[in-house]
Amino acid sequence: MNSDPRALTIDDFDYPLPQERIASHPLEVRDACKLLMRTRDGVITDHVFNELPALLPEDAMLVYNNTRVINARLRFRKSYPDGALIEIFCLEPISPADYAVNFASTSTCSWLCFVGNAKKWKQGQLVLPVSIGGQQIELRASMGDTKGNAREITFDWDAEVGVTFSDIISAVGEIPIPPYLNRSTEESDSRDYQTVYSHIDGSVAAPTAGLHFTPAVLDAISGRGIPRRELTLHVGAGTFQPVKTDSIGEHAMHSEFIAVQKGLIAELADTQRRVVAVGTTSVRTLESLYHAGCLIATGEWQGEVPQWYPYSESHPGLSVRESLMAILDYLERMELNAFVADTRIIIAPGYDYRIVKGMVTNFHQPKSTLLLLVSALMGYDWHRVYEHALDNGYRFLSYGDACLFL
């Protein structure tokens with residue numbers, strides 16, 4: 001049974017992180033980074049990431065997030081070309097709400113966006129010239145309702161030959177690298193800030209634990225007979241938000257889109273293998289899957305896993321198999337091949353992992369929900385692990401080094 005973490009104070013999850021330890025660029029060879037391994041009994045050893053295939057348990061199943069980062073940052077001018085710079089950061093689609101359908105739109109679509117320098121944009125449309133395949137078109141942006149600290153932005157454009165929204169952002173958008181890198185996006189980020197297995201567009205941030213993988217590492221994992229499986233969580237900008245409240249209970253988690261194929265759910269329901277998740281996004285997806293099944297089984301499913309549901313007294317505490325079979329039954333009834341949902345789950349000390357038995361991850365920001373998630377797996381020993389990393393030259397955050405926790 002989970003114990004409720006809401007009374008925990010975020011100051012207990014702080015540590016000193018000098019700016020020079022934050023990697024501003026990745027290593028030239030992805031799998032040449034350091035890899036810290038902590039075993040189940042707390043032993044810490046130092047490795048290189050290309051040793052990962054040999055370090056994974058023989059009975060492991062590796063699960064990773066196949067999401068692809070979109071060019072989510074668009075730079076408009078209040079009056080082209082010399083007016084005030086207005087930056088629009090696309091967060092999630094509103095209409096059409098489906099990511100794939102939205103990206104395929106050929107005349108108009110709307111997104112929930114952050115708007116930088118919004119005080120300079122009181123009314124009217126913004127216009128951005130775009131050149132695609134020899135066509136000169138105008139992308140227009142109109143501001144709608146405010147939703148929290150974001151705005152609904154409607155985009156529209158005219159083109160003689162069908163030009164999709166995906167075509168447009170690919171042509172004029174920028175990869176939104178993390179703010180803590182303290183630099184502008186560079187051309188190399190278009191390659192470096194994508195995993196080698198990414199192919200489902202939708203994230204505004206990379207699932208960075210996956211950045212270390214190379215085709216050679218993946219082949220070596222398969223060569224050991226360890227299955228590799230994919231799922232999708234589109235990473236939102238909220239992943240960069242530190243917890244700013246004193247207690248964890250006051251922090252509001254962001255919602256993220258998840259999709260898991262029916263075949264993988266069936267495999268997870270019956271597997272005897274130890275599931276090792278690549279990155280906190282895969283962890284969140286797999287654990288959200290369990291709780292979604294519990295909500296379905298009790299007739300309470302409304303399309304989203306609530307933030308505090310894992311700690312609710314009304315939680316039925318089903319077995320993993322019971323929960324996943326409830327999802328499979330739901331998919332059969334709805335004639336669906338994939339389970340699609342939103343999740344606001346928060347994983348913090350006191351949480352009892354149900355599906356995930358290990359993770360490959362990076363070193364996370366102080367006072368972050370990602371650090372809470374890691375500490376839920378190994379308890380307050382995270383202090384010792386991070387001290388070891390700081391004392392032994394590890395590089396931190398998105399472009400930094402990696403960890404294997406079992």
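More than 12 heavy atoms of other residues, nucleotides or ligands shown are found within 6.0 angstrom of CD on E20. Other residues, nucleotides and ligands contribute at most 12 non-hydrogen atoms within 6.0 Å of the CG atom of D246.
A donor-acceptor pair under 3.5 Å is absent between the side-chain atoms of K34 and the main chain of C403, judged by distance alone. Proximity of a side-chain donor or acceptor of S198 to a complementary backbone N or O of Q194 within less than 3.5 Å is not detected. Under a 3.5 Å cut-off, the side chain of W157 and the backbone N or O of V163 do form a donor-acceptor pair. Side-chain N or O atoms of T39 include one that pairs as donor or acceptor with a backbone N or O of V43 at under 3.5 Å. Judged by distance alone, the side chain of S323 and the main-chain N or O of S319 form no donor-acceptor pair under 3.5 Å. Using modelled atom types, one side-chain atom of D401 and one backbone atom of R395 make a donor-acceptor pair closer than 3.5 Å. Judged purely by atom type and a 3.5 angstrom limit, S95 has no side-chain atom pairing as donor or acceptor with the backbone of A97. Without hydrogens or angle criteria, S203 side chain to V235 main chain gives a donor-acceptor distance under 3.5 Å. The backbone N or O of D98 lies less than 3.5 Å from no partner atom in the side chain of N102, so there is not a single donor-acceptor pair. Within the 3.5 Å criterion, the main-chain N or O of L390 finds a donor-acceptor partner in the side chain of R21.
There is no side-chain donor-acceptor pair under 3.5 Å between T67 and N65. Side chains of T232 and N66: a donor on one and an acceptor on the other come within 3.5 Å. Neither side chain, S166 nor T164, offers a donor N or O lying under 3.5 Å from an acceptor on the other. Side chains of R284 and T343: a donor-acceptor N/O pair is absent below 3.5 angstrom, by distance only. Donor-acceptor pairing under 3.5 Å is recorded for the side chains of Q125 and S142. In summary, the side chains of D12 and T9 do present a donor paired with an acceptor at a separation below 3.5 Å, with no hydrogens or angles considered. Between the side chains of N362 and H212, at least one donor N or O lies within less than 3.5 Å of an accepting N or O.
Rounded to the nearest 0.5 Å, atoms OH (Y180) and CZ (F396) are 12.5 Å apart. Separating the CG atom in L377 from the OG1 atom in T361 is a distance of 10.0 Å, to the nearest 0.5 Å. Atom NE2 of H25 sits about 13.0 Å away from atom OG of S398, to the nearest 0.5 Å. Summarising the geometry, atom CD belonging to Q307 is positioned 13.0 Å from atom OG belonging to S312; distances are rounded to the nearest 0.5 Å. Separation of atoms OG (S255) and CD (E92) is listed at 6.5 Å; rounding is to 0.5 Å. With values rounded to the nearest 0.5 angstrom, S247 atom OG is found 9.0 Å from L8 atom CG.
In terms of heavy atoms, P53 sits closest to I226 at O-CD1, 4.5 Å. Heavy atoms only, all atoms of each residue included: S24 and Y399 are closest at O-CD1, 3.5 Å. The two residues A338 and L331 make their nearest non-hydrogen contact at O-CD2, 3.5 Å. Annotation for L328 and A266: closest pair CD1-CA, 3.8 Å, computed over non-hydrogen atoms. In plain terms, the two heavy atoms of L211 and A206 that are nearest each other are CD2-CB, 4.5 Å. Among all heavy-atom pairs drawn from A72 and V204, the shortest one is CB-CG1, 3.7 Å.
Classified by interplanar angle (parallel below 30°, tilted 30° to 60°, perpendicular above 60°), the ring pair H315/Y290 is parallel. In this structure, H234 and Y99 have tilted ring planes: the angle between them lies in the 30° to 60° band.
Looking at K262 and E332, a side-chain N of the basic residue comes within less than 4.0 Å of a carboxylate O on the acidic one, giving a salt bridge. E58 has no carboxylate O lying under 4.0 Å from a charged side-chain N of R224, or vice versa, which leaves the two without a salt bridge. No salt bridge links R354 with E287; every basic N to acidic carboxylate O contact stays at or beyond 4.0 Å. Comment: D189 engages R183 in a salt bridge, judged by a side-chain N to carboxylate O separation of less than 4.0 angstrom.
Proximity of K357 to R40: side-chain heavy atoms (C-beta onward) are nowhere separated by under 4.5 Å. Under the 4.5 Å side-chain criterion, counting only non-hydrogen atoms from C-beta, T285 is not in contact with S288. In this structure, S105 and F155 have side chains that are not in contact, with every pair of non-hydrogen atoms separated by 4.5 Å or more. Counting only heavy atoms from C-beta outward, the side chains of I153 and M143 approach each other to under 4.5 Å. Residues H47 and M37 form a side-chain contact, since some pair of their non-hydrogen atoms from C-beta on lies under 4.5 Å apart. With a 4.5 Å cut-off on side-chain heavy atoms, V385 and M378 count as touching. Side-chain atoms of V243 and T245, non-hydrogen and from C-beta on, do get closer than 4.5 Å to each other. Between V278 and V283, the closest side-chain pair of non-hydrogen atoms is not below 4.5 Å.
Separation of the W111 and F103 ring centroids falls under the 6.0 Å cut-off. Side-chain rings of Y311 and Y309 stay apart, their centers remaining 6.0 Å or farther from each other. For an aromatic pair to be called close, the ring centres must be under 6.0 Å apart, and F49 with F213 satisfies this.
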Quiz item: When you look at R151 and T146, which way does the side chain to side chain donor-acceptor pair (under 3.5 Å) test go after all the steps?
Solution: CA-CA 4 Å; R151 299 293 293 261; T146 300; 3.0 Å; yes
Quiz item: So Y64 and T195, side-chain contact (heavy atoms from CB on, under 4.5 Å) or not? Walk me through it.
Solution: CA-CA 10 Å; Y64 47 77; T195 64; over 6 Å; no
Practice problem: I would like to know whether R321 and D270 meet side-chain contact (heavy atoms from CB on, under 4.5 Å); could you show each step before the answer? | Solution: CA-CA 7 Å; R321 178 173 171 77; D270 288 328; 2.3 Å; yes
Exercise. Show your working on side-chain contact (heavy atoms from CB on, under 4.5 Å) between K78 and L126 and close with a plain yes or no.
Key: CA-CA 6 Å; K78 184 67 175 68; L126 300 178; 4.1 Å; yes
Practice problem: Under the salt bridge (charged side-chain N to carboxylate O under 4.0 Å, His left out) rule, what do E250 and R6 come out as? Steps first, then yes or no, please. | Solution: CA-CA 8 Å; E250 298 172 285; R6 274 176 268 201; over 6 Å; no
Exercise. Take R274 and D59 through the salt bridge (charged side-chain N to carboxylate O under 4.0 Å, His left out) test and state the conclusion after the steps.
Key: CA-CA 6 Å; R274 282 189 278 179; D59 61 348; 3.0 Å; yes
Quiz item: Would W121 and I88 count as a side-chain contact (heavy atoms from CB on, under 4.5 Å) if you check the C-alpha gap in whole Å, the side-chain angles of each, and the deciding distance to 0.1 Å?
Solution: CA-CA 11 Å; W121 182 22; I88 298 178; 4.0 Å; yes
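Judged by the 6.0 Å and 45° rule, K367 forms no cation-pi pair with F13.
When each of V69, T185, N71 is tested with P176 by the rule side chain to side chain contact (heavy atoms under 4.5 Å, CB included), just one qualifies, namely V69.
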